[in-house]
There are 2 protein chains.
Amino acid sequence: MHDADGGCCGHTHAQGPRHIYIYSPSSAVRDKPAFKRGIARLKAQGHEVEVDADALAVHTRFAGDDATRLAAIHRAAASGADVALISRGGYGLGRLLPQIDYAAVAKAVERGTEFVGFSDFTAFQCALLARTGARSWAGPVLTADFGAADGPDDIMLDCFEDLLSGHGEGSGWRMNKEAPGADGAPAVPEIYVQDATLWGGNLAMLASLVGTPYLPDVDGGILFLEDVGEHPFRVERMLTQLLYAGVLAKQKAVVLGQFTEYKLATHDKGFKLQSVVNWLRTQIQAPVLTNLPFGHVDTKVLLPMGAKVSLSVEGRDALIYWGHTH
Amino acid sequence: MHDADGGCCGHTHAQGPRHIYIYSPSSAVRDKPAFKRGIARLKAQGHEVEVDADALAVHTRFAGDDATRLAAIHRAAASGADVALISRGGYGLGRLLPQIDYAAVAKAVERGTEFVGFSDFTAFQCALLARTGARSWAGPVLTADFGAADGPDDIMLDCFEDLLSGHGEGSGWRMNKEAPGADGAPAVPEIYVQDATLWGGNLAMLASLVGTPYLPDVDGGILFLEDVGEHPFRVERMLTQLLYAGVLAKQKAVVLGQFTEYKLATHDKGFKLQSVVNWLRTQIQAPVLTNLPFGHVDTKVLLPMGAKVSLSVEGRDALIYWGHTH
């Protein structure tokens, strides 16, 4: 672990250069300087960076029309790269779900290509897991993370290099300080869960898949969630959908990441994100963890979506551990 | 019909005063002057207005805590009123869905109480229809509609009085002017549908019920949708959920109401609500109608949620007709 607030656990190790394929399945890349900085940064790390022919395509708000973005996904799957990294999220993957060749993607994963991204990418990751059981990684994108103007976040970089070397073993973090419950019990009890499927991502994308063939049916899983620009009442509404659909009752733990860039209103009169967390704890048996370093923030760990992991909580310290994945 | 842009069809008629019960199942009433104006207006129409004891309750952003709002719903059902009218929408009904005594509400409907509202109320209406088949009305609320500062909208008032007298028979309106398709065919073909279940309401609420026990399983229905403050890409994402869940394929028509108060961004580069309408038409066989006078706008017709209706389209003129409902 790199610091008290969160980080990756892994062995130190040497590694050779890796082949990274950059493609754009969602919104059009608008910040070209960030795109270039991201590529330069990956190259400076010693990696071979291959950029998809349509990575900078534009069709209204999308990175090319549906056929273009679909073909880009399939080229990423055929690339033989070590990592297929999206340029950015935004919106657009949801439109493509019925047309994606999931078997081809799963085969690429089997051959060693790790698909990495988050936000809108959650739709792809969920559908891939639902359709094939193949693993992907919730993690950074090219522009906002590697291309950040003030340089990529150190913890994110370490986690990414751990992934590339196959030596990542887990992520630990410190949860929010919360008042104990009415019975004096801690907000999050000490727990130890083994062999649970880790899954999740962006809450809005995940909720938008409920009732469709693209939501994985994960039993006894550990569900992690994050979102951006969603008022707590909307977060609650989305959690309510997962609750009423029976998704939450099947999980061994719900792990809340970062919920950012929303604005409370004066008429909220005390209703806030913590209200939603407190409410959620009255609705499900499973513990609800907080403050996972993942979401629309710089410091994000990488998480193996669809992998078996163990989870432990001791006081405010939480650890998701998957051992070697290679 | 009252004018070229939309209105109710009904017989002229005399009617006695009606008993209207006002209650607050969702957000707290903030605009008290509008609340008072609305009540005064209904009384001026000759109606007896009964105000629930907790209609002005406040608990953070809600009109009282969950138990308070739940009790208010059940008091409305026990009131014996002709109409149970919500003070306003907002947010809060979704939290209550598992605890509502739907049989009691359905019994009230059978005894002649019409439940009226929209927006957040869609959750209640969907759940009631799913659980009991009981009808309710998509229509106005007290504060924003009857309590509007410049007076209630005439068409809304007429439709409401038609409901009270039991003489409403349908609603007609003029659809948007749209370019014909590539084959020269009109955007909305001439159609005539009979004996179809009318249902729908607020798209965000409806989409949030997909995969839960509270979404009615309507086959061969006519689905009407409206929303406020949702960017077209979010509207598309919600429609995508209904599409992938198989809801849209089961409808004989999708009727789009008013989608208002969203902001396009420069990076949308031509992606707009019409793009979503065009896309939707490539995804389903059923016709997609536009411009139903219903939504977060002053001029709204009343629509019998869960009733059998007929629908006709001729050129830009559309008509939903249910004949007498009493």
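Numbers restart at 1 for each chain; the letters A, B, ... are given by sequence-line order, proteins then strands. Basis for what follows: all heavy atoms, side chains included, without hydrogens, waters or symmetry-related copies. Owing to the predicted nature of the structure, the values given are computational and were not obtained by experimental measurement.
Annotation: residues 240-255 of chain B contacts chain A through T240(B), Q241(B), Y244(B), A245(B) [non-hydrogen atoms, separation under 4.5 Å]. Residues of residues 211-221 of chain A that come within less than 4.5 angstrom of chain B, heavy atom to heavy atom, are G211(A), T212(A), P213(A), Y214(A) in numerical order. Taking 4.5 Å as the heavy-atom cut-off, none of the residues of residues 119-129 of chain A approach chain B.
By number of non-hydrogen pairs under 4.5 angstrom with chain A, the leading residue of G92(B), A207(B), S27(B), G270(B) is A207(B). Between chain A and the options H59(B), E230(B), K272(B), the largest number of non-hydrogen pairs under 4.5 Å is found for E230(B). Taking chain A as the reference chain and counting heavy-atom pairs below 4.5 Å, the highest number among P98(B), A204(B), A28(B), A265(B) is found for P98(B). Here K269(A) is the residue among M238(A), K269(A), M205(A) with the most heavy-atom pairs under 4.5 Å with chain B.
If you measure heavy-atom distances from R95(A) to chain B, the contacts under 4.5 Å come from both the backbone and the side chain. Only the side chain of R30(A) comes within contact range of chain B, with at least one heavy atom under 4.5 Å from a heavy atom of that chain. Looking at E236(A), the atoms closer than 4.5 Å to chain B (heavy atoms on both sides) sit in the backbone and in the side chain alike.
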N/O donor to acceptor pairs below 3.5 angstrom from side-chain atoms of residues 51-58 of chain A, sequence neighbours left out:
{"from": "D52(A)", "atom 1": "OD1", "to": "Y21(A)", "atom 2": "OH", "distance (Å)": "2.6"}
{"from": "D52(A)", "atom 1": "OD1", "to": "R75(A)", "atom 2": "NE", "distance (Å)": "2.7"}
{"from": "D52(A)", "atom 1": "OD1", "to": "R75(A)", "atom 2": "NH2", "distance (Å)": "3.4"}
{"from": "D52(A)", "atom 1": "OD2", "to": "D54(A)", "atom 2": "N", "distance (Å)": "2.9"}
{"from": "D52(A)", "atom 1": "OD2", "to": "R75(A)", "atom 2": "NH2", "distance (Å)": "2.9"}
{"from": "D54(A)", "atom 1": "OD2", "to": "R75(A)", "atom 2": "NH2", "distance (Å)": "3.4"}

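Taking every heavy atom of both residues into account, R237(B) and Y91(A) meet most closely at N-OH, 3.7 Å.
Note that OG of S208(B) is 11.0 Å distant from CZ of R234(A), once rounded to the nearest 0.5 Å.
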